[in-house]
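A quick write-up on the structure given underneath.
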Amino acid sequence: MASTFTAMSSISSMIAPNGRMTDKKLASSSNKLSSLASISSSSFGRRQSVALRRARTPKIYAAKDLHFNKDGYAMKKLQNGVNKLADLVGVTLGPKGRNVVLESKYGAPKIVNDGVTVAKEVELEDPVENIGAKLVRQAAAKTNDLAGDGTTTSVVLAQGLIAEGVKVVAAGANPVLITRGIEKTSKALVSELKQMSKEVEDSELADVAAVSAGNNYEVGNMIAEAMSKVGRKGVVTLEEGKSAENMLYVVEGMQFDRGYISPYFVTDSEKMAVEYENCKLLLVDKKITNARDLINVLEDAIRGAYPILIIAEDIEQEALATLVVNKLRGALKIAALKAPGFGERKSQYLDDIAILTGGTVIRDEVGLALDKVGKEVLGNASKVVLTKDTTTIVGDGSTQDAVSKRVAQIRTLIENAEQDYEREKLNERIAKLSGGVAVIQLRVEDALNATKAAVEEGIVVGGGCTLLRLSSKVDAIKETLDNDEEKVGADIVKRALCYPLKLIAKNAGVNGSVVSEKVLSSDNHKYGYNAATGNYEDLMAAGIIDPTKVVRCCLEHASSVAKTFLMSDCVVVEIKEPEPAMPAGNPMDNSGYGY
């Protein structure tokens with residue numbers, strides 16, 4: 001250090017005589033150096049920012065990956081996806097089926113025993129296998145939409161049809177003719193199924209619901225009780241239970257989620273509710289801004305001494321104050337609430353209330369002005385109950401024909417509706433119009449759907465035995481088919497129909513082939529294997545029952561998916577985008593940022 005310092009001091013003493021000039025040279029050279037440094041650093045920065053921009057600009061991959069069925073490659077891949085999904089869903093089948101634990105990104109994992117819920121969660125890494133899984137999931141989803149139950153059976157049956165079909169196609173059979181044979185056989189079996197079906201009796205409704213709820217007879221009895229209270233054509237709805245116990249209550253009349261506008265209308269201060277009997281209803285499809293518009297209607301109510309309920313889009317403060325003052329003075333028995341729903345649905349709800357009560361909705365489109373109308377537009381209700389949050393209107397029964405026509409009209413709209421949300425809202429309107437709605441507070445939706453399906457199309461023997469019995473009808477159907485390859489398609493259906501019973505037996509720890517042989521050895525179509533007890537008995541008497549609609553939907557949708565699968569010869573999937581690599585940062589930059 002000392003030697004370096006002396007050398008530096010000697011250099012400075014040499015420069016000293018001509019110091020000023022040397023200083024200028026040094027300054028200019030340092031300026032040149034600094035400008036060069038700034039140029040180099042700015043150009044480096046520009047290069048780096050350009051590199052970053054390039055890295056950040058996403059490449060658009062429009063290309064697709066084609067998987068041809070060379071040596072059965074594509075079909076094997078698709079079948080792998082089908083088997084993965086079916087094996088996962090299959091563990092839930094039957095009275096001794098197990099649960100599946102599903103990871104949840106947010107919150108605790110879900111433990112489910114419902115086929116369609118499990119199927120929806122499956123997303124496979126291989127894109128071709130994933131398409132196979134999606135095809136079979138489609139069968140489960142369609143069955144669930146139509147029948148509300150039987151999703152696991154659909155998947156297992158589809159797996160069976162595909163597994164048996166792939167063997168035959170790989171051996172060189174024509175898939176077009178084979179799928180035609182599958183289609184014809186399925187259609188013939190559906191008509192055989194209808195002959196095997198019987199109408200469900202009230203005592204059997206509990207069994208149908210219990211089997212669907214995993215042999216839970218508490219749930220079965222509750223659903224049967226609800227059906228008996230509101231009738232077979234009545235409406236039973238589910239609510240999520242707020243306690244550990246299942247609860248059933250029956251709502252009489254039309255109920256919707258709108259309460260009174262002002263608490264000053266309350267007639268029972270203990271319950272904080274408005275209750276009127278033999279009440280008139282004024283229905284207005286617009287905002288009431290002026291109390292003077294209501295004078296005619298209110299004077300009639302005072303003269304007739306009847307209570308009146310106003311249902312409008314809204315009531316302005318001035319008009320509302322007038323109603324409240326007259327109510328408090330005892331001059332009027334009155335209450336008011338905002339119409340349920342929004343937009344077009346609000347108008348439909350008002351029309352429904354008008355049909356239930358025999359009233360007329362006042363709206364500008366039909367040329368009715370509020371200040372001109374009298375008591376002729378008012379509807380009649382035998383009872384109205386308003387709380388802070390809900391309103392219940394019980395009709396007087398005089399408009400039953402009009403209500404039935406309205407319900408039939410809404411059912412037609414349900415058939416044509418495309419979206420689930422729209423169908424749900426239309427069903428809600430039918431529930432409100434029907435007059436008796438049983439509400440069950442529990443979490444077993446399949447049980448309710450199965451019971452509704454049983455009421456629609458009847459019941460057959462459960463436990464997979466009906467599908468097995470149908471397999472014995474295939475030989476007669478084969479005689480009606482045109483050629484040998486179509487008959488091979490019929491044999492595929494025959495073998496696949498054994499799959500659900502074999503899996504139920506396997507989940508119960510028994511050999512499925514032995515069980516199916518023993519069941520077919522008896523000519524009694526009610527005789528079968530009860531997996532819950534391990535006994536061979538009359539399943540109809542034991543309460544092991546399936547709705548005919550569920551079995552039909554399983555057969556139709558599984559065969560439809562199998563047809564699509566066997567006819568496929570090439571799979572087109574998107575090429576996965578590679579994840580963009582981050583550019584290396586400036587090695588001279590110590591700021592911790594990449595730019």
Side-chain angles (χ1 to χ4, degrees), residues 93-95 115-116 139-158 160-161 183 185-213 215 220 223-224 227 232-233 236 411 415 445-474 476-477 493-494 496-501 504 519 524-531 538-560:
L93 188 65
V116 77
K142 280 186 177 177
T143 304
N144 189 58
D145 288 345
L146 282 175
D149 194 19
T151 51
T152 307
T153 308
S154 286
V155 172
V156 172
L157 193 55
L161 288 166
E183 185 180 7
T185 308
S186 299
K187 281 184 180 174
L189 287 174
V190 166
S191 58
E192 289 284 347
L193 180 67
K194 286 175 182 172
Q195 289 174 14
M196 293 167 71
S197 175
K198 70 180 275 283
E199 193 175 336
V200 66
E201 294 172 15
D202 289 340
S203 59
E204 293 167 325
L205 287 173
D207 293 327
V208 174
V211 167
S212 184
N215 283 11
I223 290 173
M227 285 278 193
R232 290 194 173 196
K233 292 189 177 179
V236 180
R411 286 195 199 280
E415 288 172 18
E445 191 172 355
D446 283 359
L448 177 59
N449 291 331
T451 314
K452 288 178 179 176
V455 169
E456 282 180 45
E457 292 186 21
I459 52 171
V460 288
V461 172
C465 293
T466 296
L467 290 171
L468 186 67
R469 294 275 174 205
L470 285 174
S471 68
S472 61
K473 311 268 186 188
V474 172
I477 294 166
V493 177
K494 182 178 179 178
L497 288 169
C498 305
Y499 274 59
L501 177 62
I504 289 169
V519 170
N524 180 6
H525 74 275
K526 294 180 182 179
Y527 177 79
Y529 175 65
N530 185 344
D538 183 335
L539 294 186
M540 198 68 86
I544 311 300
I545 303 166
D546 279 343
T548 308
K549 186 177 182 181
V550 170
V551 180
R552 174 179 66 79
C553 289
C554 288
L555 184 57
E556 286 176 346
H557 297 139
S559 61
S560 172

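These numbers come from the heavy atoms of this one structure, side chains and all, not from hydrogens, waters or symmetry mates.
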Exercise for the section: Looking only at non-hydrogen atoms, find the nearest pair between Ala531 and Ile504 and report the distance. Expected result: CB-CG2, 3.7 Å
Completion exercise
Here the gap from Glu199 atom CD to Glu201 atom CD, rounded to the nearest 0.5 Å, amounts to 8.5 Å
Exercise for the section: Check whether any side-chain heavy atom of Ile545 lies under 4.5 Å from a side-chain heavy atom of Val200, and answer yes or no. Expected result: no
Exercise for the section: Would you please name every residue forming a side chain to side chain contact (heavy atoms under 4.5 Å, CB included) with Ser559, sequence neighbours left out? Expected result: Leu161, Ile182, Ser186
Handout entry: salt bridge (Lys or Arg N to Asp or Glu O under 4.0 Å) contacts in which one or both residues fall within residues 458-470, not counting sequence neighbours
Key = none
Problem - Partners meeting salt bridge (charged side-chain N to carboxylate O under 4.0 Å, His left out) with Glu204 (sequence neighbours left out) - result: Lys198
Exercise for the section: With sequence neighbours excluded, tell me which residues meet side-chain hydrogen bond (donor to acceptor under 3.5 Å, both in side chains) with Lys494. Expected result: Asp475
Practice task
Output all residues satisfying side chain to side chain contact (heavy atoms under 4.5 Å, CB included) with Ala147, sequence neighbours left out; order by chain, then residue number.
Solution key: Lys549, Val550, Cys553
Handout entry: Approximate separation, where rounding is to 0.5 Å, of Leu93 CG and Thr152 OG1
Key = 6.0 Å
Problem - Any Pro547 side-chain heavy atom under 4.5 Å of Asp149 side chain - result: no
Problem - Results of salt bridge (charged side-chain N to carboxylate O under 4.0 Å, His left out) for Lys187 - residues two or more places apart only - result: Glu183
Problem - Considering all heavy atoms, the nearest Leu539-Cys465 contact - result: CD1-SG, 3.6 Å
Handout entry: Residues which pass side-chain hydrogen bond (donor to acceptor under 3.5 Å, both in side chains) with Ser197, listed by chain and number, not counting sequence neighbours
Key = Thr548
Handout entry: Closest contact, heavy atoms only, Gly463 versus Leu501
Key = O-CD1, 3.2 Å
Handout entry: Student check: side-chain heavy atoms of Ile459 and Asp207 closer than 4.5 Å
Key = no
Problem - Partner residues of Tyr529 under the ring-ring contact (aromatic ring centres under 6.0 Å, His included) criterion, sequence neighbours left out - result: Tyr536
Handout entry: Which residues share a side chain to side chain contact (heavy atoms under 4.5 Å, CB included) with Glu192, sequence neighbours left out
Key = Gln195, Leu470, Lys473
Practice task
Please report the shortest heavy-atom distance between Thr151 and Ala140, naming the atom on each side.
Solution key: CG2-O, 3.4 Å
Exercise for the section: Nearest 0.5 Å please: distance from the NE2 atom of His525 over to the CE atom of Met196. Expected result: 6.0 Å
Fill in the blank from the handout: Lys526 meets the side chain to side chain contact (heavy atoms under 4.5 Å, CB included) criterion, sequence neighbours left out, with Val461, Asn524, Asp538, Met540
Problem - Min side-chain heavy-atom separation Leu189-Leu555 under 4.5 Å - result: yes
Exercise for the section: Compare every heavy atom of Gly462 with every heavy atom of Asp546, then report the nearest pair and how far apart it is. Expected result: OD2-CA, 3.4 Å
Completion exercise
Taken in chain and number order and not counting sequence neighbours, the residues that satisfy side-chain hydrogen bond (donor to acceptor under 3.5 Å, both in side chains) with Ser154 are Thr143
